[in-house]
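Working notes, beginning with the structure itself.
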Number of protein chains: 2
Amino acid sequence: MRITHEADYAIRLVYALMTDPLPPVPASRLSEQAGLTIRFALKILRKLSQAGIVTAQKGATGGYALAVAPEELTLGHVIECIDGPIRLNHCLADDYICSRVTDKSGCRFHQVFDQLNAKLKQELYRIDFSNFQND
Amino acid sequence: MRITHEADYAIRLVYALMTDPLPPVPASRLSEQAGLTIRFALKILRKLSQAGIVTAQKGATGGYALAVAPEELTLGHVIECIDGPIRLNHCLADDYICSRVTDKSGCRFHQVFDQLNAKLKQELYRIDFSNFQND
DNA sequence: AGGAGGTGGCTATTATGCGCATCACACACG
DNA sequence: CGTGTGTGATGCGCATAATAGCCACCTCCT
């Protein structure tokens with residue numbers, strides 16, 4: 001029922017990236033801002049890069065930059081990029097076979113969790129990073 | 001971002017308890033209904049018992065019974081009883097000290113997660129077991 | 001050449017799922 | 001009234017997986 005530390009760090013890294021006046025920002029500066037080791041930051045930034053959320057520039061003057069506008073980027077994007085799909089219950093996974101299933105829409109509990117999950121997801125995808133721009 | 005298997009099982013156990021026509025129900029029958037081993041079921045039932053959600057009766061004709069009416073018991077009760085407090089982010093814990101804190105209400109991210117968390121909790125405490133009574 | 005990120009693997013810690021052994025209790029039956 | 005049997009209570013322990021974080025080496029750009 002919790003996002004991982006990694007996802008939390010990812011959010012901080014995106015925030016640090018967004019508020020930095022001089023992109024591209026090297027991982028060292030980002031990790032300092034976000035308060036984690038550079039090694040771990042690199043791992044997280046790689047995931048963000050693969051997901052197309054940030055761009056990475058190698059080389060002497062390289063670093064990271066946001067690939068999408070803050071108002072286009074939501075908490076949901078970042079969290080699912082790091083933690084994988086948001087699922088309140090494991091029974092919401094695609095390949096889960098419920099022993100209590102009665103019809104194709106699954107058991108009543110499944111349906112309830114499915115609805116709740118959709119709501120949570122919707123909320124997370126509603127909160128974009130422009131909300132945090134002036135903090 | 002997921003409830004544990006244990007909490008999921010707990011929900012199934014409560015459901016089995018609720019739909020059983022002859023309380024008190026021994027753990028053996030409940031575990032069979034809910035599809036888990038009796039040992040694990042006992043551990044979960046103990047937690048439910050300590051939380052006052054079910055009553056346990058020792059002895060030859062003993063077993064478990066619901067201590068509260070189904071319409072008074074919600075998914076939130078059962079989940080928090082097993083998994084502990086619902087927290088979308090670890091920074092919502094009471095003893096967490098945020099490095100980014102700016103005032104007593106915490107950083108902007110904290111505030112957002114706090115609100116989301118409250119919403120989720122509210123939803124989970126809105127869904128009581130009478131919804132599942134006739135399934 | 002040197003400073004940047006990319007990749008994969010590695011370790012330590014914690015959470016999770018579940019089992020085992022033993023004790024405590026309540027009823028039933030002799 | 002005592003003892004046996006079936007029930008739950010308790011605590012220990014372990015196997016597996018997830019998580020958090022680190023390291024070494026490679027690639028790429030300037």
Side-chain angles (χ1 to χ4, degrees), chain A residues 1-13 17 20 22-32 34-67 79 82-85 87 89-91 93, chain B residues 1-13 17 20 22-32 34-67 79 82-85 87 89-91 93:
Chain A
M1 199 64 97
R2 242 182 47 218
I3 66 170
T4 61
H5 279 239
E6 206 175 335
D8 186 52
Y9 283 141
I11 292 169
R12 293 170 188 237
L13 285 170
L17 203 47
D20 195 289
L22 292 169
V25 194
S28 56
R29 193 151 86 233
L30 288 174
S31 66
E32 205 177 313
L36 69 165
T37 66
I38 184 166
R39 298 289 182 180
F40 201 27
L42 279 169
K43 177 179 270 188
I44 295 170
L45 286 164
R46 195 178 328 139
K47 285 190 189 178
L48 293 173
S49 162
Q50 284 169 348
I53 291 174
V54 305
T55 54
Q57 182 63 41
K58 291 186 181 181
T61 60
Y64 295 89
L66 269 189
I79 291 172
I82 301 295
D83 286 351
R87 290 198 201 93
N89 196 340
H90 55 274
C91 81
Chain B
M1 199 64 97
R2 242 183 45 220
I3 65 171
T4 62
H5 280 239
E6 205 175 335
D8 187 52
Y9 282 141
I11 292 170
R12 293 168 186 240
L13 286 171
L17 203 47
D20 195 288
L22 293 170
V25 194
S28 56
R29 192 151 87 230
L30 287 175
S31 66
E32 205 177 312
L36 69 166
T37 66
I38 185 166
R39 299 288 183 180
F40 201 26
L42 278 169
K43 178 176 272 187
I44 294 170
L45 286 164
R46 191 159 56 237
K47 285 191 189 177
L48 292 173
S49 163
Q50 284 169 349
I53 292 174
V54 305
T55 54
Q57 182 62 41
K58 292 185 183 181
T61 59
Y64 295 89
L66 270 188
I79 291 172
I82 301 295
D83 286 351
R87 291 199 200 94
N89 197 339
H90 56 273
C91 79

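We use all heavy atoms of the structure for the numbers below, so side chains are in, but hydrogens, waters and symmetry mates are not. Chain letters run A, B, ... following the sequence lines, proteins first, then strands; residues in each count from 1.
Regarding A:Leu48, its CG atom lies at a distance of 11 Å from the P atom of C:dG6, rounded to whole Å. Here the P atom of nucleotide D:dA9 and the CG atom of B:Leu45 are 8 Å apart, to the nearest Å. As rounded to whole Å, 12 Å separates atom P of D:dT30 from atom NZ of A:Lys58. Between A:Ile82 atom CD1 and D:dA18 atom P there is a gap of 17 Å when expressed in whole angstrom units. Between the NZ atom of B:Lys47 and the P atom of D:dG11 there is a distance of 13 Å, rounded to whole Å. For the pair A:Arg39 CZ and D:dG21 P, the computed distance is 15 Å after rounding to whole Å. B:Leu30 has its CG atom 19 Å from the P atom of D:dG6, to the nearest Å. Atom CG in B:Leu42 sits about 15 Å away from atom P in D:dG11, given to the nearest Å.
The aromatic rings of A:Phe40 and A:Tyr9 stand perpendicular to each other, their planes meeting at an angle above 60°, with 30° marking the opposite boundary.
Comparing A:Thr61 and A:Gln50 against DNA chain C, the residue whose closest nucleotide sits nearer the 5' end is A:Thr61. Both B:His90 and B:Gly62 lie close to DNA chain D; mapped to their nearest nucleotides by heavy-atom distance, the more 5′-ward contact belongs to B:Gly62.
Listed nucleotides: D:dC29, D:dG8, C:dG6. Nearest to the side chain of A:Gln57: D:dC29.
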* **Base versus backbone protein contacts along nucleotides 9-16 of chain C [heavy-atom cut-off under 4.0 Å; B, S, -]** => B------S
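Contact between A:Ala27 and A:Leu42 at its shortest, heavy atoms only, is CB-CD2, 3.8 Å. The minimum heavy-atom distance linking A:Ala10 with A:Ile82 is given by the pair CB-CG1, 3.6 Å. In plain terms, the two heavy atoms of A:Leu17 and A:Val54 that are nearest each other are CD2-CG1, 3.5 Å.
Taking only side-chain nitrogens and oxygens, A:Tyr9 comes nearer than 4.0 Å to OP1 or OP2 of D:dG21. For the pair A:Thr37 and D:dG21, the criterion of a side-chain N or O lying under 4.0 Å from OP1 or OP2 is not met.
For B:Arg29, the salt bridge (Lys or Arg N to Asp or Glu O under 4.0 Å) partners are B:Asp20, not counting sequence neighbours.
For the atom pair CD1 of B:Ile79 and CD1 of B:Ile11, the computed distance is 4.5 Å after rounding to the nearest 0.5 Å.
Ion pair B:Lys47/B:Glu6 flagged as a salt bridge, since at least one NZ, NE, NH1 or NH2 atom sits closer than 4.0 Å to an Asp/Glu carboxylate oxygen.
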